[in-house]
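Below is one structure, written out as structure tokens; the observations come after it.
We count ligands from 1, going down the list as the structure has it; atoms in each ligand are counted the same way. The figures here come from the full heavy-atom set of this structure, side chains too, leaving out hydrogens, waters and symmetry mates.
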Amino acid sequence: MSPSCCSGKYSVALFFFILSAVPIAYIISSEKAVPSTHVISYHSSGFLRECAKWDDVGRRFLVSYMDGGGGIGELVPTKDSDDVLKEVTLVKDVDLAGNSSNGFVIDRHRNRLLLAVGDLLGNRYSALVAYDLSTWRRLFLTVLSSHSKLSVVSLLMSL
Ligand SMILES: *[C@@H]1O[C@H](CO)[C@@H](O)[C@H](O)[C@H]1NC(C)=O
């Protein structure tokens, strides 16, 4: 192996190291900077939250769980501070386990939350589901698409 080959590899690695240091330094400096506005922190129990909306009547943020089999949670103040919120799960629908809870709207007029549910990785199921904003009882579940065994068999039969 010639020295020029190795020094070329090291130069490329050094170049990418320096290149990646610039955005990382920027992120660190903006995270450490004192914000100019009031900031509320939020401790999530999961990894991915698809949607967050302010519920003005309930005086809370509502979030949808993209990971962990889906669900809806609310953000409420902790005992220690009003500026640090914790997540409390309101809905964990067993009928939709394994699917992601995605975008939602608050339908204030009918006091309900409309949620788009889907199998994001397999792309085999999607639905629109509504929950009562006071009781969190499911009002309806409309399947938008699903690949049941029956539909696969009928699809194969039609070929
Ligand atoms: C999504 O929910 C449907 C309906 O209950 C279910 O048949 C399907 O297996 C779920 N998807 C996943 C990935 O678990």
Side-chain angles (χ1 to χ4, degrees), residues 13 16-17 19-28 30-32 35 37-159:
F16 281 109
F17 178 75
L19 198 68
S20 63
V22 173
I24 290 171
Y26 175 75
I27 291 169
I28 290 171
S30 34
E31 285 292 317
K32 286 187 163 184
T37 55
H38 186 77
V39 173
I40 298 172
S41 306
Y42 145 48
H43 294 182
S44 174
S45 56
F47 182 59
L48 282 172
R49 298 298 176 247
E50 157 67 17
C51 189
K53 296 267 165 71
W54 173 248
D55 172 15
D56 56 345
V57 172
R59 310 285 306 152
R60 61 191 170 180
F61 287 103
L62 296 172
V63 293
S64 60
Y65 302 174
M66 199 172 191
D67 61 341
I72 297 288
E74 69 176 352
L75 307 183
V76 293
T78 57
K79 272 184 267 166
D80 307 330
S81 164
D82 282 346
D83 291 345
V84 181
L85 306 178
K86 69 174 179 186
E87 187 179 83
V88 176
T89 299
L90 299 167
V91 174
K92 201 81 183 160
D93 201 328
V94 289
D95 293 339
L96 297 168
N99 292 284
S100 298
S101 294
N102 303 308
F104 65 83
V105 291
I106 295 172
D107 180 3
R108 179 60 55 208
H109 185 66
R110 294 190 172 91
N111 194 46
R112 66 185 182 176
L113 180 141
L114 295 160
L115 170 69
V117 172
D119 170 14
L120 288 189
L121 297 178
N123 198 23
R124 288 183 301 263
Y125 185 84
S126 62
L128 176 69
V129 61
Y131 299 102
D132 186 291
L133 271 173
S134 308
T135 64
W136 294 104
R137 190 175 58 88
R138 190 169 72 201
L139 302 172
F140 68 78
L141 167 64
T142 302
V143 176
L144 301 174
S145 74
S146 75
H147 289 224
S148 66
K149 279 182 182 164
L150 185 65
S151 63
V152 171
V153 168
S154 52
L155 179 72
L156 290 173
M157 297 287 274
S158 66
L159 293 177

message = Can you check which of G98, A127, G122 brings a heavy atom nearest to atom 13 (C) of ligand 1?
response = G98
ask   = What protein heavy atom sits nearest atom 7 (O) of ligand 1, and how far off is it?
value = Y125 CD1, 4.8 Å
key: Sub-4.0 Å heavy-atom approach of A97 to ligand 1   = yes
inquiry  = Minimum heavy-atom separation for G122 and D119, please, with both atom names.
reply    = N-OD1, 3.0 Å
remark   = Closest to atom 6 (C) of ligand 1 (heavy atoms only, candidates D119, N123, V143, N99) is N99
ask   = Checking R49 against Y65: charged group under 6.0 Å from the ring centre and within 45 degrees of the axis?
value = yes
request  = Say whether R124, considering both its backbone and side-chain N or O atoms, lies within less than 3.5 Å of an N or O atom on ligand 1.
outcome  = no
ask   = Taking atom types as modelled, is there a side-chain donor on E87 or S45 under 3.5 Å from an acceptor on the other?
value = yes
key: Contact bool for atom 11 (N) of ligand 1 (protein heavy atom, d < 4.0 Å)   = yes
ask   = Counting distance only, does the side-chain N/O of S64 pair as donor-acceptor with the main-chain N or O of C51 below 3.5 Å?
value = yes
query = Nearest to atom 4 (C) of ligand 1 by heavy atom, D93, V94, L96, D95: which?
reply = D95
request  = Check for a donor-acceptor pair, side chain of K86 on one end and backbone N or O of P77 on the other, with a separation under 3.5 Å.
outcome  = no
task = Run the salt-bridge test on R60 and D55 with the 4.0 Å N-O cut-off and return the result as yes or no.
result = yes
